[in-house]
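First the proteins, then the strands, lettered A, B, ... as listed; each starts at 1.
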Amino acid sequence: MRVRPLHDWDLPPEEAAALQRELRAQLILTWDDPPIRTIAGVDVGIREERGRCAIVVLSYPALEVLSSLVIEERVTYPYIPGLLTFREGPLILKAWERLTLLPDVVMFDGQGIAHPRGMGIAAHMGLWLEKPTLGVAKSRLWGEHAPVGEALGDLSWLYEKESGATIGAAVRTRPGTRPVYVSPGHRMDLPHAIELTLATCRGYRLPEPLRLAHRLTQPGEQFPLF
DNA sequence: GCGACAG
DNA sequence: ATCTTGTCGC
């Protein structure tokens, strides 16, 4: 799919952070109730500056794989907490260009607005892709929360200590494992982000879109998945 | 200065 | 994320 360029990616850390603060005003944090027939999972794996991005599109709510793709490219921007998008974003866009089936919702491996400047990878990419997005991270970056209940579906709100604003939720997607951190990206609200996360879990800690995309980024894995 | 810190 | 083997537990 084609996207309209919003800005350069090769920005020094300070400028990258300033850009994130500017982009925050463009986020739409409401759900306008579009029909959901497909949902995509996006993940990136990098080893020795060799990045591999995988996108898997599943039907919803059946969760059958409709298409998948993997692309590789050199990645040089360093990993800096809070600036993950500047490392993985360019590669994700390259993969997105190869996509022929436009998903209704896109799930990312990382934060949405649960980020120091409200612009985690799911929020940022949502602006580029102009699609509803949500972030499902394996660990916390920003925000505080009370302990999470042990049952599937139990959750604790993630809130920003200073403002008191609720920015996401720590969700138990599988008993006996650590919760995942869910937050809306763009054109999304928290209730729907949580609902989509739980509705796409199939017995594993990670929801299917991300679990499958992650598998494809691992060395030796083959695609397509169907 | 110290601790925190998505992937 | 990646580096890495075995191992504890259901």
Side-chain angles (χ1 to χ4, degrees), chain A residues 9 13-14 16-17 19-21 23-24 27 41-56 70-95 106-128 133-145 148 150-152 158-162 167-186 188 190 193 197 203-207 209-221:
Chain A
W9 287 106
E14 191 170 303
L19 173 61
Q20 291 180 321
R21 283 187 284 266
L23 291 175
R24 178 159 53 175
L27 282 183
V42 179
D43 189 34
V44 172
I46 302 172
R47 12 185 319 176
E48 297 175 345
E49 297 199 332
R50 200 61 203 169
R52 180 182 289 185
C53 177
I55 300 180
V56 178
V70 172
I71 188 176
E72 273 191 22
E73 188 173 273
R74 182 175 171 74
V75 173
T76 57
Y77 202 91
Y79 169 66
I80 301 172
L83 298 181
L84 175 67
T85 312
F86 290 84
R87 177 170 167 78
E88 302 188 346
L91 180 53
I92 290 172
L93 291 173
K94 194 90 170 184
V106 187
M107 181 182 287
F108 289 86
D109 181 19
Q111 316 295 341
I113 62 170
H115 174 281
R117 291 169 292 281
M119 193 51 62
I121 193 165
H124 199 148
M125 296 316 294
L127 293 176
W128 272 81
T133 61
L134 68 151
V136 178
K138 297 183 294 300
S139 63
R140 186 194 67 85
L141 170 66
W142 191 248
E144 316 290 320
H145 70 84
V148 183
E150 297 301 324
L152 171 64
L158 239 198
Y159 65 94
E160 192 170 51
K161 196 164 188 179
E162 295 301 302
I167 55 178
V171 182
R172 188 76 66 188
T173 52
R174 175 180 179 172
T177 63
R178 292 186 303 143
V180 294
Y181 293 79
V182 180
S183 59
H186 181 49
M188 176 74 61
L190 181 53
T197 296
Y204 294 88
R205 179 184 181 227
L206 289 183
L210 293 183
R211 191 178 73 82
L212 296 175
H214 181 71
R215 268 176 42 173
L216 292 182
T217 65
Q218 294 307 105
E221 287 304 313

Exercise for the section: Indicate, with a heavy-atom threshold strictly under 4.0 Å, whether A:His124 touches base, sugar-phosphate, or nothing. Expected result: nothing
Handout entry: Check: A:Gly82 main-chain N/O paired with A:Gln20 side-chain donor or acceptor under 3.5 Å
Key = yes
Exercise for the section: For residues A:Ile92 and A:Phe108, determine if any side-chain heavy atom of one lies less than 4.5 Å from a side-chain heavy atom of the other. Expected result: yes
Exercise for the section: With the side chain counted from C-beta on, respond yes when A:Leu127 and A:Leu27 share a heavy-atom pair under 4.5 Å apart, and no when they do not. Expected result: yes
Practice task
Measure from the side-chain N and O atoms of A:Thr217 to the backbone N and O of A:Val44, and report whether any donor-acceptor pair falls under 3.5 Å.
Solution key: no
Handout entry: Student check: side-chain heavy atoms of A:Ser183 and A:Leu158 closer than 4.5 Å
Key = no
Exercise for the section: Mark up nucleotides 2-7 of chain B, 5' to 3', with B wherever a protein heavy atom is under 4.0 angstrom from a base atom, S wherever such an atom reaches only the sugar-phosphate, and - elsewhere. Expected result: --SBBB
Exercise for the section: Write down the distance between CD1 (A:Ile46) and P (C:dC3), rounded to a whole number of angstrom. Expected result: 12 Å
Exercise for the section: Return the value, rounded to whole Å, for the distance between atom CD of A:Gln218 and atom C1' of C:dA1. Expected result: 9 Å
